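No experiment lies behind these values; they were computed from the predicted model shown.
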Amino acid sequence: MKVVSYNLRKHRAINELAALDERYTPDLICLQECDTADLPKHVGRLELATSTSGNRLGLAVYYRSDRFESRATRAVALKKSLHDHLLRPAHERLLGVRLLDLEVQRELVVASFHAAPLTALNSLRRHQIRAALGELQLLGPGLPTLMVGDYNYPVFKDNLAEKVREVGYEMTLSDSRTYTRYKFFRGHFDLATSVGFDIEKVETLPRGSSDHLPILVETRYAAAVVAEEDLAS
């Protein structure tokens, strides 16, 4: 399964999505900072599953309807930073979709996530990440789950990875930096956290018109998940 995650930088990179689909043939695309009132129903071979509605610049998930069936969606408002309270840039920072994989008749959860900006503390972002992962378990209890997006977490990644493991997930960085706009805040902002998947590769894709570089996550169901479901059947 291939998943692209892309922060569009206030929607300015929206016209690049069709080319990403054409070149990388992802099964899903997860977006951040998209104008939810100006989203096409289809991007290449992908269909819009859902988008947030609590704010203009929000989140969206596209999926291949020839491979997946959308079963349920969940948009969640997470703990706000001071920036959020003052400027109200984002109400819902998590968008999850529960899908049926028609190829293997297995359900899964995929989510787009956008953490609080750099003006907030890392402790707040860690709180948001833990809360988001918990919300996804409510959407699909025990299902393989992949959350991708803009984590806004430039330093102390080892500490974040430890906190993520404490709640049963694994964190995976891309093969090169995804954000280079500011000298002191360059790094792997766009990440993947997962459970029930074996992440084969997370590749940083070429720069477009956004200040974030898109990432391509290539993953498969974990062997333990496959074995458990084979026994159940």
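- One finds no salt bridge joining Asp175 and Lys201 here, because no Lys/Arg side-chain nitrogen approaches an Asp/Glu carboxylate oxygen to under 4.0 Å.
- Under the 4.0 Å criterion applied to side-chain N and carboxylate O atoms, Glu33 and Arg9 are not assigned as salt-bridge partners.
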Inset, instruction - Starting from the C-alpha separation in whole Å, work towards a yes-or-no answer on side-chain contact (heavy atoms from CB on, under 4.5 Å) for Val97 and Thr50. - result: CA-CA 8 Å; Val97 182; Thr50 188; 3.9 Å; yes
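- Hydrophobic cluster membership differs between Leu205 and Val217, with clusters built from Ile, Leu, Val, Met, Phe, Trp and Tyr side chains linked at under 4.5 angstrom.
- Within 6.0 Å of CD in Glu22 there are 12 or fewer heavy atoms belonging to other residues, nucleotides or ligands.
- Residues Tyr169 and Gln137 bring a donor and an acceptor atom of their side chains to less than 3.5 Å of each other.
- In terms of modelled atom types and a separation under 3.5 Å, the side chain of Asp21 and the main chain of Arg45 share a donor-acceptor contact.
- Taking all atoms of both residues into account, the shortest heavy-atom contact from Gly208 to Tyr6 is CA-OH, 3.8 Å.
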Inset, instruction - List the steps, then state whether salt bridge (Lys or Arg N to Asp or Glu O under 4.0 Å) holds for Asp27 with Lys2. - result: CA-CA 5 Å; Asp27 299 295; Lys2 296 192 291 185; over 6 Å; no
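- Thr52 contributes a side-chain N or O that, together with a main-chain N or O of Leu59, makes up a donor-acceptor pair within less than 3.5 Å.
- Of the possible donor and acceptor atoms, one in the side chain of Arg125 sits under 3.5 Å from a partner among the backbone N and O of Pro117.
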Legend entry - Step-by-step side-chain contact (heavy atoms from CB on, under 4.5 Å) determination, Ile199 to Leu146: CA-CA 10 Å; Ile199 305 296; Leu146 174 67; 4.1 Å; yes
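- A distance of 4.0 Å separates CD of Gln32 from OG of Ser5, quoted to the nearest 0.5 Å.
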Inset, instruction - Under the side chain to side chain donor-acceptor pair (under 3.5 Å) rule, what do Ser209 and Glu16 come out as? Steps first, then yes or no, please. - result: CA-CA 8 Å; Ser209 57; Glu16 299 169 18; 2.5 Å; yes
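- For the pair Thr145 (side chain) and Val195 (backbone), a donor-acceptor distance under 3.5 Å is absent.
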Legend entry - Asn152 vs His114, side-chain contact (heavy atoms from CB on, under 4.5 Å): CA-CA, chis, key distance, verdict: CA-CA 8 Å; Asn152 271 323; His114 191 189; 3.9 Å; yes
Inset, instruction - Apply the test side-chain contact (heavy atoms from CB on, under 4.5 Å) to residues Glu69 and Leu99: give CA-CA distance (whole Å), side-chain angles for both, the deciding distance (0.1 Å), then the verdict. - result: CA-CA 6 Å; Glu69 177 184 300; Leu99 300 159; over 6 Å; no
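- No more than 12 heavy atoms of other residues, nucleotides or ligands sit less than 6.0 Å from atom NZ of Lys10.
- No chain of hydrophobic side-chain contacts below 4.5 Å, direct or via other Ile, Leu, Val, Met, Phe, Trp or Tyr residues, connects Leu102 to Met1.
- Between atom NE2 of residue His188 and atom OH of residue Tyr179 there is a gap of 15.0 Å, rounded to the nearest 0.5 Å.
- Under the 4.5 Å side-chain criterion, counting only non-hydrogen atoms from C-beta, Asp190 is not in contact with Val148.
- Considering CG of Asn122 and NZ of Lys163, their distance stands at 12.0 Å, rounded to 0.5 Å.
- At least one side-chain heavy atom of Glu92 sits less than 4.5 Å from a side-chain heavy atom of Ser53.
- Closest non-hydrogen pair, Tyr24 versus Pro206, comes out as OH-CD, 3.3 Å.
- Not one N or O on the side chain of Ser123 forms a donor-acceptor pair closer than 3.5 Å with the backbone of Leu121.
- The neighbour count for His11 NE2, taken as heavy atoms of other residues, nucleotides or ligands under 6.0 Å away, is above 12.
- Judged purely by atom type and a 3.5 angstrom limit, Ser210 uses its side chain to pair as donor or acceptor with the backbone of Asn7.
- Atom CG of Leu213 and atom OG of Ser174 lie 8.5 Å apart (nearest 0.5 Å).
- Residues Ser51 and Thr36 have side chains that never bring a donor and an acceptor to within less than 3.5 angstrom of each other.
- At least one donor-acceptor pair closer than 3.5 Å links the side chain of Ser112 to the backbone N or O of Leu31.
- One N or O on the side chain of Thr219 and one on the backbone of Asp198 form a donor-acceptor pair closer than 3.5 Å.
- Cluster membership for Phe197 and Ile29, using ILVMFWY side-chain heavy atoms within less than 4.5 angstrom, is not shared.
- Looking at Arg98, its side chain does come within 3.5 Å of a backbone N or O of Leu139 through a donor-acceptor pair.
- The shortest non-hydrogen separation linking Cys34 to Leu39 is CB-CD2, 4.0 Å.
- Counting heavy atoms from C-beta outward, Leu173 and Val202 have side chains that stay 4.5 Å or more apart.
- The CG atom of Leu216 sits 6.0 Å away from atom CD of Glu203, with the distance rounded to the nearest 0.5 Å.
- A heavy-atom distance below 4.5 Å is found between the side chains of Ile215 and Thr178.
- Contact check for Leu160 versus Leu191: side-chain heavy atoms found under the 4.5 Å cut-off.
- Using a 4.5 Å heavy-atom threshold, the side chains of Leu138 and Arg74 count as touching.
- At a cut-off of 3.5 Å, with distance as the only test, a side-chain donor of Tyr221 or Asp101 sits close to an acceptor on the other residue.
- Inter-residue side-chain proximity for Leu46 and His42 is flagged as unmet; no heavy-atom pair is nearer than 4.5 Å.
- No side-chain heavy atom of Val164 sits under 4.5 Å from any side-chain heavy atom of Arg130.
- Both Leu143 and Val76 belong to a single network of hydrophobic side chains, linked directly or stepwise wherever heavy atoms of I, L, V, M, F, W or Y lie under 4.5 Å apart.
- The shortest non-hydrogen separation linking Cys30 to Val110 is SG-CG1, 3.8 Å.
- Each of Phe68 and Tyr62 belongs to its own hydrophobic cluster when Ile, Leu, Val, Met, Phe, Trp and Tyr are linked at side-chain heavy-atom distances under 4.5 angstrom.
- Between Ala132 and Leu94, the shortest heavy-atom distance links the atoms O-CD2, 3.6 Å.
- Rounding to the nearest 0.5 Å places CD of Glu135 at 15.0 Å from CZ of Arg93.
- If you run side-chain contact (heavy atoms from CB on, under 4.5 Å) between Val43 and each of Leu48, Leu17, Ile14, Leu20, only Leu17 comes through.
- A donor-acceptor pair is defined here as one N or O able to donate and one able to accept, closer than 3.5 Å; no such pair exists between the side chain of Asp35 and the backbone of Leu57.
- The aromatic ring centroids of Phe189 and Tyr151 lie 6.0 Å or more from each other.
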